[in-house]
Every structure is written in structure tokens, then in C-alpha cells.
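Dropping the structure in here first, questions after.
Below, chain A is the first sequence line, B the second, and so on; all start at residue 1. Values in this document were obtained by computation on a predicted structure and should not be read as measured data.
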Protein chains: 2
Amino acid sequence: MTVTLFAPLDMHLHLREGAMLRLVAPFSAAQFAGAVIMPNLVPPVDNADRLARYHEEIRAAVDPYPFLPLMTLFFRPYDAQTLQALREHIFAIKLYPEGVTTNSAGGVSDLTAIEPTLAMMEELGIPLLVHGESHGFVLDREAEFLPVYERWARTFPRLRIVMEHITTAAALDLLDRYPNLFATVTLHHLLITLDDVAGGLLQPHLFCKPIAKRPTDRDALLAAALAGHPKLMFGSDSAPHPIDRKEAAFCAAGVFSAPVLLPMLVELFERHNALDRLPDFVSGNARRIHGLNPPPRTVRLVEDPWQVPMRYGDVVPFAAGQTLRWQVVAE
Amino acid sequence: MTVTLFAPLDMHLHLREGAMLRLVAPFSAAQFAGAVIMPNLVPPVDNADRLARYHEEIRAAVDPYPFLPLMTLFFRPYDAQTLQALREHIFAIKLYPEGVTTNSAGGVSDLTAIEPTLAMMEELGIPLLVHGESHGFVLDREAEFLPVYERWARTFPRLRIVMEHITTAAALDLLDRYPNLFATVTLHHLLITLDDVAGGLLQPHLFCKPIAKRPTDRDALLAAALAGHPKLMFGSDSAPHPIDRKEAAFCAAGVFSAPVLLPMLVELFERHNALDRLPDFVSGNARRIHGLNPPPRTVRLVEDPWQVPMRYGDVVPFAAGQTLRWQVVAE
């Protein structure tokens, strides 16, 4: 049996830089026609030069795959001139509240002071991607941020707002209430809960931000993905860290899922008899919502069990050591 | 300034065996007149021979301190004859639901089938110490177990039942409702929440079972301890693991707090102007509740700042690297 996917897109991806980028980018380029590239490097991608250099570095790392890096800028209170000049080089702008996740120092600390920039983004048609977490108790952070989404959705009705990597049923509920609100969800948040992270032995390789939540949340997200919810897009949030930053006294947040994404998505959707919804989830919704035209690649998976390596270089992947049934066939 | 404590007791302590026991036991013996020793070794302490040998091993490791190891048995459905023979050698019996924590395989899987043994313990005056967690969602486990405590407290009104290492305000509430229910609480659950474990970088050395909960829970536990709640006893649950079992892909549960217990308790109670309640919390309550007569030692602490080492042998202690104001003076 074969599964064929047209132009799959990963709408939330961390590629890092340098040697790590060269290690991890080919996994994404082999499976996806394009991906939204997160800008939270050190220093962040927040100007034209940095953007052009990072884009070039990615292009070199994914060669020869026909792969479209959808570049993003790290949110700053940019002025109109800057935004106009950058507009054609970016897909969107990513907003991080200060300090909420990996490399988010320098993020936004006053969420109301930035509204002039949001108004300009609305005018220019630049989507706003948001890591929507408060600074509250770890399990409440996403829920506590929802009123901010609501305010922005009402204040800027033509601004396309994407709630990134949602983890709760409450965030999902919001999608139906505002036409300009959209969301991405990761593979791992369709599969795991806090019980997997910290309910048995503690598993640092499953630790990410936002942290995995309750079974009821996971079940709601999975049901929406399997139903092909038209405002929910796949975004892996694959975020590699070297093993010595994961298996450590202070473990960095991030799940490196890039190598296993399409094989595990096909297995998951097949198990739930929802393979017919997978094309919308991994491509159709994103293309329609954002009007994207990625390279017209067709990615094919066949049933051919393989064991996920325990490491790729010095990075431990999601599902390390597990046997997966499907694999992507080289084009 | 000096703080003097009469016969401090650690009512919940993991000493392990062999080299680890010899490494960690002196920290407890230097600070406490006695401790309740947990029986979840591999294999567990569940017979007279194992009990005698373990007791002897502990005695040798704490020499020359006058330190009373209050031995416990791993709960089995013991018959009357066995219980009678073991009675004089033990302080209590510790019950683990199967699989809920470190080395709890072989614990109790059917909580109703064991009631005949509980009835015999009630007759013989043997306290029941319980790791009270269900197999549900990690943050709900303690709350879900509370009805079991209630059933036992009602069914066996003369059985002294100790809810070990409580972590929630809900468990605390139960103390006031049943005269035969008591509780221990750890130092770390008076200080940390899930935010410390997993809200910033993930901290495996703060990972324990039951996992730390919400700020409201921590605040309720702390308030009760500072108020000298008469049914709440200090029990550290200090549980050492070698560093390669903590900073690992699968991290074992347990916080090694033994070296810092009294210094941090004094600092905590002093900060809240509650030093006058500390003697009850670390000794008086336990002596009264259980009728204990530990060695009549007086432990003295003086203000003399010291930095907690990053490791003791291959074990990372709680508060590693922090400067503490108080230290125990050698007798």
C-alpha cells in the first residue's frame, strides 16, 4: 500500500543554524514541500541582512530538494517603512512574549504597546504567528493567554492570527469564534500528555513548550486533526537540542520530531481510519488559509517497517528506538 | 544566634543499601535522632530476615550517632502469625499501590482484598503508612486516592493511618475530618511547585513522586507546617539516585534532600517568623502521635553560611550550589 501526499507543509519548524541546521534540515526537506521557519535564533532574525543570510543558509542545507522555506521575522515594534521593505521577503512575523520559551529573551513584554505594529501588519497582509503563553502556572499558561488572542482578533479583524502549537481544548474552542484565528498543532501533542513527560519516569526528550497537557486536551486536539478541522494546520515544532542540553540538570525545551513526522502522521491517521483527512491537515488547510504555492511535489510513503535510530548525530529523535510502519520513498 | 531542636525526626526517609546507604545515612544521622526507614528496596523488606539484616546495615552506617532507625515492612497481605512475630521489630508497615513509584512493583493491586490485614494491624496497633496515589493523570493521583483513605479511616477507626508526603490542599483538608488520619510532608513540597520542575528548564533533580503541584497547594502545605498543624509531621522523602539515573533519557523520581534538611527548615520557618512551631513539626507531633521515644539528643544549628556542594559522591543534592545560612553543629 502507498500513501501519496501533495505538497506537505510543516507550518512550524526550528532549523537552528550551522552544523545543527545541516544535520536536521534534510529530514524536513525530504518529507515536506516547505516549512515555516522559526526566527528565534541567537541573536533573533529581526532584520533584512540576518533574514537573507539565514534564508541562504537554509537553501544550501536543503539542496537539492525542492523545498520552500517560509521565512519569519522575530516580532519587534517595527515601523511602517521597515515592514514594507521586509514584506516581500517574509511569510509572517512570529511573536514571543518575553521569556516564555527557548531563545525568547528580547520578546514582547508589553502586549498592548505593540498594537500599532499589529495594525500595520493587518494593512500589509502579514500574518501574525504567536507563541501564546502567559507567565502563570505552567499548565494554565495557554488558557491564560486566550483573552489576548480574542482582543487582537476583534481589534484587527483582517489580521490573520495563528495560535501556534496549541495544546488545549480551550484554544481549539476559540477557533470557531473568530474568523481570523487559526492554529497549528504538533505531532507530539496529538500523541502525548503530561503523563508521558512526567507521569512515570521523567522523559526530557518529551519536554517542550507549551508542555503536554491532560488526556482530555490531547483527545480534543486529535479529534480535530482527524476530522480535518479547516482552521487547524500541521506544524511540527520540531526543535532539536544536543543530548547534553536535554539529559542534564537543566533540560532545554523541545522535541526533535523532524525525522519521523510523515511516517507517524500516516500511522496515526490510518489507525483512526482518517487517512482521507491527512492531505488537508498537512497541506490543504495551510495552502487555502495562507494562499501558499509550494513546490508541486508529491511525497510518497510505503509500508516498510523501520526502526527509529536512538540518535541522529548528538540529537535524540522523537520515538527513538520505536519501529514505524511507514517510510517516505526517495523521489 | 542558635537554634536548638530536641530529638528531630525524619518521618519518611529512603536510605537505599550498600555504598549508597553508607554515603547518605550519615547526613540523616548527623541531623536527626531517628527516621522512618522506607522498605522499597529490591527485593523489598518484607520478612524478618531481610528486616534484621537491613536494620543492622543501617546501624553500622550511622555509627557512632545515637540514631533510631524506625523500621518499616513493605505491605503484603501478611497473616496474623507473621504480624505478631514481626510486631516488635517494626515501627509501621508501608503500603504502595502497585507501580506508583520507585521500586513499587509487587505493591498492592487490589485495595479492597487487603482489608483483613488492615484489621489485624488495627488490632496489633501497627501504623499504616501509605503512598496514596491512583494510576490516573499525574496531577490528579493524590486527589483520586483520597476516598481510599476515607474508607479505611472509617472502616478501621483505631488504625493509625499516615498519608505520606502529601502534596495537595485537598489531602490536608482530610486531616480534620478523621481522627485516625495523619500526614507527613517533605521539605521540597513546602518550597517548590510544578513550575520549578517543568515551568522553565526541566529540572530532573526536582522530579519526585508525588510530583509537585500548584502554587495554591504548596501554599496550603506551607501554611499548615508553619502553623504547627498537630497532625502534620515532617518526613523528608529524601531519595537519592546516582546522577546517571537522573540526568538521563528516563529520569528516576526522587529528591535527595538529606544534607540540607534542618538548615533549610530553620531558614524557612525563620523567614516566616514561625521558628517556635518548628519543634512540633520536626519532632513533637511525631512523638505525640506515635508515642515515640527517640534518643534524647539535642541538635544545634548556628548561623554560619555554607554553600551546598554540587554533588555528594555521584548524587546531586537538593539546593545544590545554593548558599544556606544555617548549619548543624557537630555534637
Can you give me the closest heavy-atom contact between A/Pro204 and B/Ala249, atom names plus distance?
CD-O, 3.2 Å
Give me the atom names and distance for the closest heavy-atom approach of A/Gly200 to B/Phe207.
O-CZ, 3.3 Å
A/Arg214 side chain near B/Val138 side chain, heavy-atom distance below 4.5 Å
no
If you tally heavy-atom pairs under 4.5 Å against chain A, which of B/Leu201, B/Ile211, B/Val316, B/Leu206 wins?
B/Leu201
Determine whether A/Phe250 and B/Leu202 satisfy the following criterion, side-chain contact (heavy atoms from CB on, under 4.5 Å), listing intermediate values before the conclusion.
CA-CA 6 Å; A/Phe250 296 89; B/Leu202 186 72; over 6 Å; no
Hey, does A/Leu139 have a side-chain heavy atom less than 4.5 Å from the side chain of B/Asp195?
no
May I ask you to name which of B/His205, B/Lys246, B/Arg141 has the most heavy-atom pairs under 4.5 Å with chain A?
B/Arg141
Would one find more than 12 heavy atoms of other residues, nucleotides or ligands at under 6.0 Å from atom CZ of A/Arg151?
yes
